[in-house]
Each structure stands twice: as C-alpha cells, then as structure tokens.
Visitor: 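Let me give you the structure first, and then I'll get to my questions.
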Amino acid sequence: MTETIARCGFVAIVGRPNVGKSTLMNKILGQKISITSKKRQTTRHRILGIKSTDNLQVIYVDTPGMHLGGKTAMNRYMNRAANTVLSDVDLVLFVIDISKWSKEDDNVLHRLKREQVPVMLVINKVDQLKQKEQLLPKIAEFSSKMEFVEVIPVSAKKGNNLDTLQELIESYLPESGPLFPEEQVTDKSERFIASEIIREKLMRRLQQELPYALTTEIETFKTDKGILHIAAVIWVERDTQKKIVIGKNGEVLKDVGRSARIDMENMFERKVHLDLWVKVKEGWSDNEGLMKRMGYDDIN
Ligand SMILES: Nc1nc2c(ncn2[C@@H]2O[C@H](COP(=O)(O)OP(=O)(O)O)[C@@H](O)[C@H]2O)c(=O)[nH]1
Ligand SMILES: [Mg+2]
C-alpha cells in the first residue's frame with residue numbers, strides 16, 4: 001500500500017549551545033540557512049527551515065541554545081526565543097553531544113519535562129566517539145533521563161542516520177496540507193541571511209569574547225545590472241574592538257568580506273559586491289531599546 005496521507009507540522013530543534021542544532025537543520029535541508037560556529041551565541045534568532053517533499057512538509061525551527069546565566073538583554077532575548085517555541089510545535093528534537101552531558105543539558109531537560117509535547121532525543125556527534133563500544137551504554141544512560149518518544153544517534157556533520165531520523169519525524173506530524181509554498185525554504189529574507197553570513201565569518205575569525213560584542217546590519221541590498229550590491233555595518237561596543245575587527249592593514253575585515261561574499265554568491269546565485277563598515281555603538285547588547293532598533297524584535 002502506498003502512503004497518500006499528506007502531513008505537515010512544526011519541529012523545534014532545541015538544546016544547549018554548540019551541540020550542532022543549526023548544523024543538523026542545514027544538513028537536513030541540504031543548504032545553509034542557519035549559521036554555525038564553535039562559539040556560543042552563533043544562533044541568536046529563531047529561524048525556520050522548510051523541507052517539502054511529496055505529501056510531506058516539515059517546518060524545522062532552529063533556536064538559540066538554551067543556556068544558564070542570562071543576565072544581559074541579549075541572553076534574555078535568546079532564552080526567550082528558545083523557550084516560547086515549545087508550546088507551538090508538534091515535536092521537539094532535543095539535541096545533545098554524545099561526548100558530554102552538562103548542567104546546561106539538565107537545564108533543557110527540566111524545561112522539556114514541563115511540556116506536553118513529544119520529545120525525541122537526538123544524540124549528535126557520534127563521529128567523535130573514540131571507542132565504538134561506548135555507543136550502546138551511552139544511549140542507555142541518556143535514554144533514561146526522561147520519557148523520550150525516540151532516541152536516535154546521528155552525526156549532523158557527516159550526515160549519518162539523518163534519513164532514519166526524518167522517517168521517524170514524519171509519523172509525529174499531523175495530517176495536513178502544506179502551510180508554505182513548496183519552493184520556500186525559510187521565513188527569513190535574503191537581507192537577514194546576508195547579515196547572518198557576515199556575522200558567521202566574524203564569529204569564526206575572531207577570538208574569545210569579541211564575537212558577543214558585535215552585530216551586523218544591512219544598509220543597502222539591491223540588484224543593479226545583475227550584480228547584487230550589499231553594504232553592511234558591523235556594530236561593536238568600543239573603539240578597541242573596532243581596531244580588532246578591522247585588523248592590521250585591514251586584513252581581518254578583508255578576509256571576512258571575501259569569505260562572506262563567496263557564501264552570498266552561492267546562496268543568492270548572483271554576483272555580489274560587498275562593502276563592510278565598522279562602527280561603534282556603546283552597550284548595544286545590554287539595552288533592550290537599542291536591540292530592538294538593531295533588529296532583535298522578532299519575539300513577542
Ligand atoms: N564532529 C562533529 N562536529 C559537529 C557535528 N555537528 C555539529 N558539529 C560542530 O559543532 C559546532 C557547533 O555547531 P552548531 O550547529 O553551530 O551548534 P548549535 O549552537 O547547537 O547550533 C560547529 O563547529 C559544528 O561544525 C557532528 O555531527 N560532528
Ligand atoms: Mg545554532
């Protein structure tokens with residue numbers, strides 16, 4: 001018998017920072033919608049990634065990592081973005097890193113136990129496991145933390161077991177026609193994705209604390225004679241940070257601009273001309289009003 005029932009639903013991807021949530025979503029979608037890096041705060045917003053196939057539309061919701069601490073306005077914003085999504089979805093993928101269960105995983109676990117929504121445990125980064133015989137005991141240990149509807153080991157980076165994961169997801173979605181047009185892959189604009197690509201390159205290039213003190217803003221985004229012209233501002237909090245972002249002889253900014261442009265040309269399938277400016281705005285990440293004006297206002 002062939003399956004003819006159409007299904008469509010929302011699947012939240014949650015977990016502490018750095019476990020591979022955005023990598024997982026991108027790999028499933030087959031393209032980079034959500035930026036990734038080794039640093040916390042890489043994902044600051046909620047981002048939809050939509051996958052449409054015959055009779056099935058899965059709307060993934062990538063979230064900022066749920067973390068402890070949360071004192072600044074930015075931290076509060078990110079925790080809120082991750083938390084509010086739980087009540088609105090059909091399924092939650094709780095992503096963890098096989099090599100380490102931490103206090104922050106416990107925090108997410110307690111949060112999930114309060115919800116009615118089915119939770120699937122996705123044990124990521126199995127490619128990093130040194131001894132294969134550790135796999136089963138680890139699965140057993142993590143499975144007992146709460147009542148999960150499924151427990152599945154994967155490697156988001158290598159793509160291992162993601163087909164099985166997607167088959168499992170399907171059965172938890174309600175019967176429904178698609179909610180988004182088939183060709184739409186995200187709810188975010190090209191403008192938003194462009195500013196995120198620049199932020200990804202900065203996150204990956206800069207050391208330690210600096211990435212948390214900056215944000216990016218697109219000022220111009222227009223196509224002229226087939227070339228996409230983008231001008232963007234990188235906001236930092238202090239003059240010393242501005243110097244670091246620019247780098248000696250402008251080297252850092254040049255590298256960031258070059259790699260961002262290459263990603264943008266792939267993503268937007270057009271030639272891109274990118275201009276970057278670095279400006280100082282004191283204390284933006286701890287000021288709700290300033291954050292709103294800089295685009296951090298999409299959570300209600
Ligand atoms: N070895 C390995 N690394 C991974 C895997 N998935 C993600 N990563 C890496 O983990 C880091 C954090 O990934 P990211 O998707 O940004 O995590 P997020 O904060 O949970 O969204 C990045 O450096 C990824 O390349 C995986 O399956 N295996
Ligand atoms: Mg992320």
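Side-chain atoms are counted along with the backbone in the values below, which use heavy atoms only and exclude waters and symmetry mates. Whatever order the structure lists ligands and atoms in, that order sets their numbers, starting from 1. Predicted model, so just to flag it, every value in this text is computed and none were measured.
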Visitor: Are any N, O or S atoms from Ser22 nearer to the Mg ion (ligand 2) than 2.8 Å?
Guide: yes
Visitor: Report yes or no: do Val256 and Ile197 belong to one cluster of Ile/Leu/Val/Met/Phe/Trp/Tyr joined by side chain heavy-atom distances under 4.5 Å?
Guide: yes
Visitor: Can we say Lys21 and Asp62 salt-bridge, meaning some charged N sits less than 4.0 Å from an Asp/Glu carboxylate O?
Guide: no
Visitor: Tell me: protein heavy atom nearest atom 17 (O) of ligand 1, and distance?
Guide: Gly20 N, 3.1 Å
Visitor: May I ask you to list the atoms of ligand 1 that are less than 4.0 angstrom from any heavy atom of Gln128?
Guide: 1 (N)
Visitor: Does at least one non-hydrogen atom of Asp127 fall below 4.0 angstrom from an atom of ligand 1?
Guide: yes
Visitor: Would you say Ala156 has any N or O atom under 3.5 Å from an N or O of ligand 1, going by distance alone?
Guide: yes
Visitor: May I ask you to identify, for Asn124, whether its side chain, its backbone, both or neither come under 4.0 Å of ligand 1 on a heavy-atom basis?
Guide: side chain
Visitor: For Ser37, is the nearest heavy atom under 4.0 Å from an atom of ligand 1?
Guide: yes
Visitor: Atom 23 (O) of ligand 1: which of Arg16, Gln41, Lys158, Lys38 has the nearest heavy atom?
Guide: Lys38
Visitor: Hey, looking at atom 13 (O) of ligand 1, which of Ile123, Ile96, Asn160, Thr23 has the closest heavy atom?
Guide: Thr23
Visitor: Please report whether ligand 1 has a polar contact with Val19, defined as an N or O pair separated by less than 3.5 Å (distance criterion only).
Guide: yes
Visitor: Is any side-chain N of the basic residue among Glu200 and Lys32 closer than 4.0 Å to the acidic one's carboxylate O?
Guide: yes
Visitor: Which option out of Arg40, Lys27, Lys157 puts a heavy atom nearest to atom 25 (O) of ligand 1?
Guide: Lys157
Visitor: Just by distance, do the side chain of Gln184 and the backbone of Thr186 share a donor-acceptor pair under 3.5 Å?
Guide: yes
Visitor: Output yes when Glu217 and Arg191 qualify as a salt bridge under the 4.0 Å nitrogen-oxygen rule, no when they do not.
Guide: no
Visitor: If the cut-off is 4.0 Å to any non-hydrogen atom of Lys21, which atoms of ligand 1 fall inside it?
Guide: 15 (O), 17 (O), 18 (P), 19 (O), 20 (O), 21 (O)
Visitor: Do NZ/NE/NH1/NH2 and the carboxylate oxygens of Arg205 and Asp255 come within less than 4.0 Å?
Guide: yes
Visitor: Hey, are Glu251 and Lys254 close enough for a salt bridge, meaning a charged N less than 4.0 Å from a carboxylate O?
Guide: yes
Visitor: If I take atom CE from residue Met146 and atom CG from residue Leu109, how far apart are they, to the nearest 0.5 angstrom?
Guide: 6.5 Å
Visitor: Using a strict 4.0 Å cut-off to heavy atoms of Ser22, name the atoms of ligand 1 that fall inside it.
Guide: 15 (O), 21 (O)
Visitor: Does a side chain donor of either Ser52 or Gln57 reach within less than 3.5 Å of an acceptor in the other side chain?
Guide: yes
Visitor: Distance to 0.1 Å, residue and atom name: give those for the protein heavy atom nearest to atom 10 (O) of ligand 1.
Guide: Lys125 NZ, 3.1 Å
Visitor: Do you see a donor-acceptor pair shorter than 3.5 Å between the side chains of Thr23 and Asn26?
Guide: no
Visitor: Verify the distance test for Thr43 against the Mg ion (ligand 2): any N/O/S atom under 2.8 Å, yes or no.
Guide: yes
Visitor: How close does the nearest protein non-hydrogen atom get to atom 11 (C) of ligand 1, and which residue and atom is it?
Guide: Asn18 OD1, 3.5 Å
